[in-house]
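Okay, structure first, notes after.
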Amino acid sequence: MNKILPLILFLLAASIEADVVIIASHKSEIAELTKKAVIDLYMGKTTKLPNGQSVQAIDAVSGSDLRRNFYKSLTGKSEAQIDAYWAQLSFAGRVTPPPQRESVKEVMEMIASNPDLIAYVDSRHLNDKVKVLLRLK
Amino acid sequence: MEFLQRLVALVFWAMIPGYSAAMDQLRFSGFASVTGTRADHEELGFRRDITQSEGSVDGEWRFDNDSLIGMQLNYRISDEWEAVTQVILKDRIHQSVNESIEWAFLQYRPNDSTDIRLGRLGLDLFMLADYRYVAYTYPWVRPVPDFYGVTPVFHFDGADFAHKWAIWEGSLRLKIFGGHSIGYFPTDDAELKLELSPLLGTTLVYEREPWRFRLSKTIVDLHSNHSNAELKSGLEAASTFWPEANTILNELSLEKAQVDYSAIGAMFDNNNWLLQAEWARIKGDRASTPQSKNWYVSIAYRWAEWTPFLLVAGASPDHPAHHVSLPPLPPQITQALEPLRQGSEIALNATRQDQRGYGLGLRWDFLPKRALKIQWDHWEIAANGRLLWITPMTGGNQDESVNVVSLSIDILF
């Protein structure tokens, strides 16, 4: 038991530390984002970073744990509320929701190669081609 | 106006081949509702709004009042320009491709705060204006009929301009719009084609989490050459010895009738509690147009996937019911004119709304983008206040009450 306990603790810690992180290309000029800036970008209130640069936010796929956790910790809203919110805006013809990508690998590649994109991923998937703009606990 | 018609058609048709051409800039999405409704009154038929001529009576289940499917294509031409078209398929009294096109417009957005749109646009009268068909976005089965049932003008052909300011830690959005619209309404004998031209309005929305406040005002001129031919010729013939007949004719005319619609609304949503209330005043210059105050208050609580809600709503007329009396005339003439007198009285009171509604229901978000709803409503409807109901030809002069049960499934895709 004495040998297993640290292992269990380590695994628990590892799973807790898998935060959702908002990322951009390592080539991006922006260093970090506030929670409010991320809310504005993901809720369709702006398409620009605080420094004036236009960016496109990439969303995770509907029904995934990642998407549910991201919006819950960012806005306190359930996925159903987020979908209803976007239905109000998009069926009003005003703003279209961020495009969704299912594959983490694809998202990491898109972000690495295009400094005009931001996305969110599980922090376990981080690599040196992207940088973290905000970490959500 | 010709130009606008062409633009609407152009935006609509141009987007179909665009679909395969450019998948990246193109987005297809949609929504649908399947709703069953059962009303228990023997004579009064339930309807969602006054464009509908059929509805549940006497315990019958019906699916045509609220079931619909909507599809939308967004085509992003550039960072500033976008074309949007939305088609809604549902039961209508006047079915045509043109009527099914809910929106088809070009949008120019030079920055995040400003947009200008041209084409067929949603008519921004009230809180749910832009998404009243998208039942997934609200807790109830349908927009509250006491408030939304009387203004079934869904879109107009014209232009709007909106600008947003960041102010008091929230955002203030001003919109002005203008154009014209055509609507179809059922009448006793046929369908009434109503032209709304010009149609001018403005809305002001202030949003600051968790609040949203809204003010709007719209002014329109109505045009229709429709009239109940029998009643009209009767009144014209009688006017030689019954001077009031001319006044009645004028009151019943819809030619160049002016309507002024003002509304205020507030919404509070802190992710658990969802409170919403709206109040509107409709002023018209004739008895042929509604003249009323319409309102509702809704309270809902989100408890994980479950959202129970309560509703109170009402519509009350601005004027007491019309009573038509004949001048002193020989008894035979009075007797002969009696059907005309009665007919005039019914026609003059036909646009009156005088009712109070109570509702309770439950929404269940059982899967992502799928919601199941059940709702029970009870209405008390006063004599001569039945515009929102499908009524038998004879009209009615007693107070009535109706219970309505609705079940629906709403989806987004």
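Hydrogens, waters and symmetry mates are skipped; everything else that's a heavy atom, side chains included, is used. To find a chain, count down the sequence lines: A is the first, B the second, and so on, and within it residues start at 1.
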Exactly one of B/R132, B/R117, B/K175 clears salt bridge (charged side-chain N to carboxylate O under 4.0 Å, His left out) with B/D124, and that residue is B/K175
- prompt: Would you call A/D116 and A/K27 a salt bridge, taking side-chain N to carboxylate O under 4.0 Å as the test?
  reply: no
Quiz item: Is there side-chain contact between B/D66 and B/K90, with heavy atoms separated by less than 4.5 Å?
Solution: no
Cut-off 4.5 Å, heavy atoms of chain A, and the answer for B/S113 is neither
Q) Salt bridge between B/R370 and A/D83, side-chain N to carboxylate O under 4.0 Å? A) no
Q: Check whether any side-chain heavy atom of B/W306 sits under 4.5 Å from a side-chain heavy atom of B/Y301, and report yes or no.
A: no
Cut-off 4.5 Å, heavy atoms of chain A, and the answer for B/E102 is neither
Worksheet item: Salt bridge or not for B/R109 and B/E80, using N-O below 4.0 Å?
Response: no
- Item | Ion pair A/R101/A/E106, N-O distance below 4.0 Å | yes
Margin query: Suppose we call two aromatic rings close when their centres sit under 6.0 Å apart. Are B/Y133 and B/F154 close by that rule?
Written below: yes
One should read off an interatomic distance between A/K129 NZ and A/H26 NE2, to the nearest 0.5 angstrom, of 7.5 Å
Between B/R142 and B/D410, is there a side-chain N and carboxylate O pair less than 4.0 Å apart? no
- Query: When you look at B/W140 and B/Y138, which way does the ring pair (Phe, Tyr, Trp, His ring centres under 6.0 Å) test go after all the steps?
  - Reply: CA-CA 6 Å; B/W140 331 292; B/Y138 41 78; 5.4 Å; yes
Interface check, chain A: of B/T137, B/L128, B/N271, most non-hydrogen pairs under 4.5 Å belong to B/N271
Cut-off 4.5 Å, heavy atoms of chain A, and the answer for B/E305 is neither
Those residues of residues 59-77 of chain A that come under 4.5 Å of chain B on a heavy-atom basis, listed by number, are A/S62, A/G63, A/T75, A/G76, A/K77
Handout entry: Non-hydrogen side-chain atoms of B/T307 and B/W303 separated by less than 4.5 Å
Key = no
**Asked** Can you find a heavy atom in the side chain of B/R120 that is under 4.5 Å from one in the side chain of B/F105?
**Response** no
Residues 30-39 of chain A vs chain B, non-hydrogen distance cutoff under 4.5 Å, contacting residues -> none
Applied to residues 86-117 of chain A, the ring-ring contact (aromatic ring centres under 6.0 Å, His included) test, sequence neighbours excluded, yields A/F91-B/F31
Under a 4.5 Å heavy-atom criterion, the part of residues 40-52 of chain A in contact with chain B comprises A/K45, A/T46, A/T47, A/K48
Honestly, the part of A/Q81 sitting under 4.5 Å from a heavy atom of chain B is side chain
What is the ring orientation for B/W364 with B/F366, classed by angle as parallel under 30°, tilted 30 to 60°, or perpendicular over 60°?
-> tilted
